[in-house]
Chemist: 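The structure under discussion is supplied below as structure tokens; questions concerning it will follow.
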Amino acid sequence: MQTLGEFKLPHFFNYPPYFTLQPVRDTREKQIQLWKELILDYCRTQKVFVIGLDEDFQLFSNPTIERSLSHEAREAFLSALVSEGRAEWLDKGHRKCLILWHRIQDWADLILHFENGLEDSVMTVEEIRSGVESRGTELHGMDRTILMRALKLLEHKGKLAIFKGTSADDEGVKFSI
């Protein structure tokens, strides 16, 4: 089985037709489903949050079989993730895509689980993303945009309060579950 670093690639990754958008609808739907699952799994395990459509992304090419996804195929697979709420375009030109291997609500739930026992405590946003407490959790190293959206959702639900500091490093969260 082929790997990208520690990541094990599925068998279809060595099948050249899967690097070309398939013309038959049923085959294309299966192809899109396989690629969506692969993109989400790879991004989750490698902590990739943004994919640039025009940038080299190692998942989109296979040097062993000398195949790469076309721009059209990349956009089709990412657009399929967007339509399911598993990704969002970051720009109007659809050049960069934010990958949501967890939906925002799921990230919010992870924050609440992580925060367990910290009721009425205060943490900076950066401590949640990169502090000692978050090491070994999915929150460690997460994208700031996703984190802030999850925190705002929790604030809207009355689970915490976000407060601004003098800089982005000073932004904090007061948990009040």
Side-chain angles (χ1 to χ4, degrees), residues 1-113 125 128-130 137-157 162 168:
M1 178 173 278
Q2 190 176 351
T3 62
L4 282 178
E6 305 258 327
F7 185 79
K8 290 181 182 170
L9 294 161
H11 293 292
F12 84 83
F13 197 76
N14 287 318
Y15 189 54
Y18 274 84
F19 281 84
T20 304
L21 278 176
Q22 296 300 298
V24 177
R25 192 187 64 148
D26 288 346
T27 307
R28 182 181 284 209
E29 286 175 6
K30 180 172 175 66
Q31 177 189 30
I32 288 172
Q33 184 61 39
L34 288 170
W35 274 100
K36 287 186 313 188
E37 291 169 7
L38 175 59
I39 291 167
L40 289 173
D41 190 36
Y42 180 82
C43 288
R44 180 183 54 76
T45 60
Q46 303 304 307
K47 291 208 174 234
V48 173
F49 291 92
V50 177
I51 296 176
L53 205 55
D54 299 324
E55 298 168 12
D56 283 335
F57 185 58
Q58 63 180 353
L59 196 60
F60 290 160
S61 63
N62 184 341
T64 304
I65 60 170
E66 298 179 359
R67 297 289 178 159
S68 292
L69 291 176
S70 67
H71 186 275
E72 178 187 14
R74 293 173 187 211
E75 189 167 16
F77 301 150
L78 292 175
S79 291
L81 286 169
V82 168
S83 70
E84 287 184 357
R86 301 309 302 264
E88 296 175 3
W89 293 112
L90 292 173
D91 60 333
K92 290 182 185 197
H94 294 190
R95 297 273 187 241
K96 289 201 180 286
C97 196
L98 181 68
I99 305 299
L100 299 168
W101 66 82
H102 289 307
R103 290 179 171 87
I104 298 299
Q105 177 61 57
D106 297 332
W107 280 113
D109 292 343
L110 283 169
I111 291 166
L112 287 179
H113 179 71
V125 171
I128 296 171
R129 286 184 67 228
S130 57
T137 72
E138 287 190 89
L139 299 176
H140 196 78
M142 77 180 288
D143 182 82
R144 186 169 175 59
T145 302
I146 295 172
L147 176 58
M148 291 308 297
R149 289 188 46 208
L151 290 172
K152 286 177 183 169
L153 177 64
L154 290 170
E155 183 177 46
H156 180 73
K157 292 180 174 187
I162 300 170

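On a predicted model such as this, the values are computed, not experimentally measured, just so you know.
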Chemist: Angle class for the Phe57/Phe60 ring planes (parallel below 30°, perpendicular above 60°, tilted otherwise)?
Modeler: perpendicular
Chemist: Minimum heavy-atom separation for Arg95 and Asp54, please, with both atom names.
Modeler: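 Closest heavy-atom pair between Arg95 and Asp54: CD-OD2, 3.0 Å.
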Chemist: Find the distance between CZ (Arg103) and CZ (Arg149) and round it off to the nearest 0.5 Å.
Modeler: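 Arg103 CZ to Arg149 CZ: 12.5 Å, rounded to 0.5 Å.
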Chemist: Identify the heavy atoms of Arg67 and Pro16 that sit nearest to each other, and give their distance.
Modeler: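 Smallest heavy-atom distance, with atoms named: NE-CB, 3.5 Å.
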Chemist: Is it true that, when you exclude Asp91 itself, more than 12 heavy atoms of the residues, nucleotides or ligands shown sit nearer than 6.0 Å to its CG?
Modeler: yes
Chemist: Do the side chain of Lys47 and the main chain of Asp143 share a donor and acceptor less than 3.5 angstrom apart?
Modeler: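 No.
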Chemist: Nearest 0.5 Å, what's the CG-CG distance between Leu139 and Leu147?
Modeler: 7.5 Å
Chemist: Between Arg28 and Gln22, is there a donor-acceptor pair closer than 3.5 Å when you use the side chain of the first and the backbone of the second?
Modeler: yes
Chemist: Show your reasoning for whether side-chain contact (heavy atoms from CB on, under 4.5 Å) applies to Asp41 and Phe7.
Modeler: CA-CA 9 Å; Asp41 190 36; Phe7 185 79; 3.5 Å; yes
Chemist: How far does CD1 of Ile39 sit from CD1 of Ile32, to the nearest 0.5 angstrom?
Modeler: 10.0 Å
Chemist: Side-chain contact, heavy-atom cut-off 4.5 Å: Phe19 with Glu66?
Modeler: no
Chemist: Shortest non-hydrogen contact from Cys43 to Ile51?
Modeler: SG-CD1, 3.9 Å
Chemist: Search all heavy atoms of Tyr42 against all heavy atoms of Leu59 and return the closest pair with its distance.
Modeler: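 Distance-wise, the nearest heavy atoms are CB-CD2, 3.7 Å.
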Chemist: Do Glu29 and Gln33 pair up side chain to side chain, a donor and an acceptor below 3.5 Å, judged on atom types alone?
Modeler: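 No.
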Chemist: So Trp107 and Trp101, would you call those rings parallel, tilted or perpendicular, with 30° and 60° as cut-offs?
Modeler: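 Ring orientation of Trp107 relative to Trp101: perpendicular.
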Chemist: Are the ring centres of Phe12 and Trp35 closer than 6.0 Å?
Modeler: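 Judged by ring-centre distance (under 6.0 Å), Phe12 and Trp35 do meet the cut-off.
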Chemist: Within the supplied structure, the quantity of interest is the number of heavy atoms (other residues, nucleotides, ligands) at a distance under 6.0 Å from Lys152 NZ; does it exceed 12?
Modeler: no
Chemist: Are side-chain N/O atoms of Gln31 and Tyr15 paired as donor and acceptor at under 3.5 Å?
Modeler: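 Result is no, nothing qualifies.
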Chemist: When rounded to the nearest 0.5 angstrom, what distance separates CG in Asn62 from OH in Tyr18?
Modeler: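 If we round to the nearest 0.5 Å, Asn62:CG and Tyr18:OH are 15.0 Å apart.
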Chemist: Please report the closest heavy-atom contact between Phe77 and Lys36, naming both atoms and the distance.
Modeler: O-CG, 4.2 Å
Chemist: Would you name the heavy atoms of Val82 and Cys97 that are closest together and state the gap between them?
Modeler: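 Between these two residues, the closest heavy atoms are CG2-SG, 4.0 Å.
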Chemist: Measure from the side-chain N and O atoms of Arg129 to the backbone N and O of Gly141, and report whether any donor-acceptor pair falls under 3.5 Å.
Modeler: no
Chemist: For the CH2 atom of Trp89 and the CG atom of Leu78, what is their distance to the nearest 0.5 Å?
Modeler: 4.5 Å
Chemist: Stepwise, does the side-chain contact (heavy atoms from CB on, under 4.5 Å) test hold for Ile146 with Leu100?
Modeler: CA-CA 8 Å; Ile146 295 172; Leu100 299 168; 3.7 Å; yes
Chemist: Within a strict 4.5 Å, meaning less than it, do heavy atoms of the Leu154 and Leu112 side chains meet?
Modeler: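 They are in side-chain contact.
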Chemist: Output the distance between atom CE (Met148) and atom CD1 (Ile128), rounded to the nearest 0.5 Å.
Modeler: 9.0 Å
